[in-house]
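Accompanying notes for the structure given below.
We name chains A, B, ... by the order of the sequence lines, and we start the count at 1 in each one. Keep in mind it's a predicted model, so treat the numbers as computed, not measured.
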Number of protein chains: 2
Amino acid sequence: MLHDEVVNALRTALIDGRIKPGERVPEKAFCVALGISRTPLREALKVLAAEGHVVLLPNRGARAARLTRRDLDELFEVNGALEALAGELAGRRITEAGIAAIEVLHRDMAAAFERRDLEGYYRGNRAIHEAILAAAGNQTLEALYESVGARIRRARFVAPMPPGHWEIAMLEHDAMLNALRRRDGVVLSSILKTHLKHKRDEIERAGFAEE
Amino acid sequence: MLHDEVVNALRTALIDGRIKPGERVPEKAFCVALGISRTPLREALKVLAAEGHVVLLPNRGARAARLTRRDLDELFEVNGALEALAGELAGRRITEAGIAAIEVLHRDMAAAFERRDLEGYYRGNRAIHEAILAAAGNQTLEALYESVGARIRRARFVAPMPPGHWEIAMLEHDAMLNALRRRDGVVLSSILKTHLKHKRDEIERAGFAEE
DNA sequence: CCCGTAAGGTTTGCATGCAAAATGCCGCAA
DNA sequence: TTGCGGCATTTTGCATGCAAACCTTACGGG
C-alpha cells in the first residue's frame with residue numbers, strides 16, 4: 001500500500017517538524033525523495049490538507065500549515081472536550097484489565113519522573129492519555145483525539161517546565177488513576193480538564209516556536 | 001477549482017443518500033458522470049476516505065461507508081461533547097448581534113413548528129445549532145462539528161416523531177434561547193446535551209435505515 | 001534609480017497510458 | 001447439479017505527458 005505509506009511518511013515529517021510550518025512542499029522534490037511519482041504524492045497532500053496539516057493554494061501548491069496561537073487555543077479547547085468525554089466514558093466502560101494496564105503505564109511514568117527522565121515521562125504521559133481514550137470504547141472519539149493531538153504536537157515549545165509543575169502533573173496523574181480505580185468518570189473527566197488546563201498554561205508561559 | 005468541486009459533489013451525494021451505504025463507487029462510471037478524468041476523482045475519494053464517508057479497499061476500490069448502529073452511537077457521543085463545548089463557549093463569547101440573529105432563527109423555527117412544517121423545522125433547528133457553534137468562536141470546533149454532523153446525517157431514519165416529542169424539543173429550544181440571553185454557558189451546555197440525548201432516543205426508537 | 005512588464009523556465013492541474021490485481025465467465029469433472 | 005480451475009475482461013494503482021498558471025529575471029521606460 002504505497003498511498004498510505006506516503007501519507008504517513010509526510011504526516012510524521014510534518015508532526016515532528018522535519019517539514020517546518022509555512023514551508024513549501026514542492027511535489028517534484030518530494031517525489032524524488034520518496035522515490036514515487038507525483039500522483040500518489042498529490043493524493044497524500046490532499047488527505048493531509050483534509051486533516052489540517054497542510055494548506056493547498058490553488059495552482060500554487062502545498063505549504064505546511066502555520067499554527068497560530070489562535071489555532072492552538074482552539075485545538076486545546078477541542079482536545080479538552082474530547083478528553084473529558086473520554087474520561088466520562090472510560091469511567092463507565094473500562095475493564096479490570098484496562099485499569100491494570102494503565103497502572104503499569106502509570107508506574108513506568110512515575111519511574112521516569114523519579115529519575116528525572118523528561119523524555120520518558122512525556123512518552124508515558126501520552127501513553128496513559130491514549131489508553132484512557134482507548135478505554136472509552138469509542139473509536140470515532142479515539143481517531144478524532146489522535147487527529148487533534150497530532151495538530152497540537154506540531155507546535156514546538158521553547159521553555160522548559162518551571163519547577164514544581166512536574167510534581168503537580170504527577171499528582172494529577174495519581175488522582176486520575178484513583179478516579180479510574182473507582183470508575184468515577186465524572187471526577188476523572190474533571191481531573192483531565194484541569195490537567196490539560198495546566199498544560200495549556202504551561203504553553204502560554206513558555207510561548208511556542210512560531211511567532 | 002475542479003478538485004474541491006468533485007469532493008463537494010461526491011460528499012453531498014453521499015450525505016443525502018444518492019450514493020447508498022455499502023454501494024461501490026467505481027471510478028470510471030463517476031468519471032463520465034462528472035465529466036472528469038480519474039485523477040481528480042481519485043484524489044477526491046482519498047479525501048472522502050479521510051473524512052470517513054467512504055472506505056477504500058486496496059485494489060478493490062471505494063465503497064460508501066456503512067454506518068453501523070455502533071458508529072452512530074459513537075458519533076452521537078462525540079457530537080454531544082462538541083456541542084456541549086460550543087454551548088459553554090458561546091455563553092462566554094456570543095455578542096448581542098449573535099443573540100439577535102439566533103432569536104430570528106428561533107422565531108422562524110417556531111413558526112414552522114406552529115404550521116407543523118417538519119421540513120422547515122428541521123432546517124431551522126439545524127441553523128440554530130450551527131449558529132451556536134459559530135458563536136463559540138472556535139473554527140476548529142465548528143469544522144469538526146460539521147464533519148461529525150455530516151456523518152450522522154448519512155443515517156436515514158424510518159419512523160416519524162412520536163406525538164409530544166416535537167413539543168418537548170421546542171421547549172428545549174426555548175430554554176436554550178433563555179440560557180443564551182443570560183449568557184449562561186453551563187446551563188446552555190446541559191440543555192444541548194439533553195436535547196441531543198432526546199434526539200438519540202428518538203433514533204433508538206425509530207431504528208435507522210441500515211440493518 | 002525605480003517601477004512596470006514581458007519572456008523564459010518552473011510548477012501545478014488534469015488527462016492518459018500501462019502493468020498488476022481482481023472480477024466474472026465458461027467449461028470441465030465429480 | 002454443483003464445485004473448481006483457467007482465461008478474458010474489467011478495475012485499480014501508479015507513471016508519464018501536456019497545457020495552463022505562476023515565479024523569476026532581465027530589460028526598457030519614466
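Applying the salt bridge (Lys or Arg N to Asp or Glu O under 4.0 Å) definition to pairs two or more places apart or across chains, those involving residues 138-151 of chain A are Glu146(A)-Arg153(A). Residue pairs meeting the salt bridge (Lys or Arg N to Asp or Glu O under 4.0 Å) criterion with at least one partner in residues 125-137 of chain A, sequence neighbours excluded, are Arg126(A)-Glu130(A).
The stretch residues 41-55 of chain B has no heavy atom under 4.0 angstrom from DNA chain C at all. A heavy-atom distance below 4.0 Å to DNA chain C is reached by these residues of residues 24-36 of chain A, ordered by number: Arg24(A), Pro26(A), Glu27(A).
Here Tyr145(A) pairs with Glu83(A) under the side-chain hydrogen bond (donor to acceptor under 3.5 Å, both in side chains) rule; sequence neighbours left out. Evaluation of the side-chain contact (heavy atoms from CB on, under 4.5 Å) rule for Glu202(A) yields Met161(A), Pro162(A), His165(A), Arg205(A) as partners, not counting sequence neighbours. Every residue two or more places apart in sequence or in another chain was checked for a side-chain hydrogen bond (donor to acceptor under 3.5 Å, both in side chains) with Glu88(B), and none qualifies. Scanning for side-chain hydrogen bond (donor to acceptor under 3.5 Å, both in side chains) contacts around Asp16(B) gives Arg18(B), with sequence neighbours left out. Looking at residues two or more places apart in sequence or on another chain, you find a side-chain hydrogen bond (donor to acceptor under 3.5 Å, both in side chains) between Arg183(A) and Glu96(A).
Distance, Leu56(A) CG to dG13(C) P: 7 Å, rounded to whole Å. Taking atom CZ of residue Arg38(A) and atom C1' of nucleotide dT12(C), one finds them 6 Å apart after rounding to whole Å. In this structure, the NE2 atom of His3(B) is 8 Å from the P atom of dC14(C), given to the nearest Å. dA22(C) atom P lies 8 Å from atom CZ of Arg60(B), rounded to whole Å. The distance between atom CG of Leu57(A) and atom C1' of dC22(D), rounded to the nearest whole Å, is 12 Å. Atom pair Glu5(B):CD and dG13(C):P shows a separation of 14 Å (rounding to whole Å applied). One interatomic measurement links the two molecules: CG of Asn59(B) to P of dA20(C), which rounds to 12 Å at whole-angstrom precision.
Between dA15(C) and Ser37(B), a contact under 4.0 Å exists linking OP1 or OP2 to a side-chain N or O.
For the side-chain contact (heavy atoms from CB on, under 4.5 Å) test with Leu177(B), the passing option among Leu105(B), Ile191(B), Ile102(B) is Ile102(B); the others fail.
Annotation: cation-pi geometry satisfied between Arg116(A) and Phe113(A) (NZ/CZ under 6.0 angstrom from ring centroid, within 45° of ring axis).
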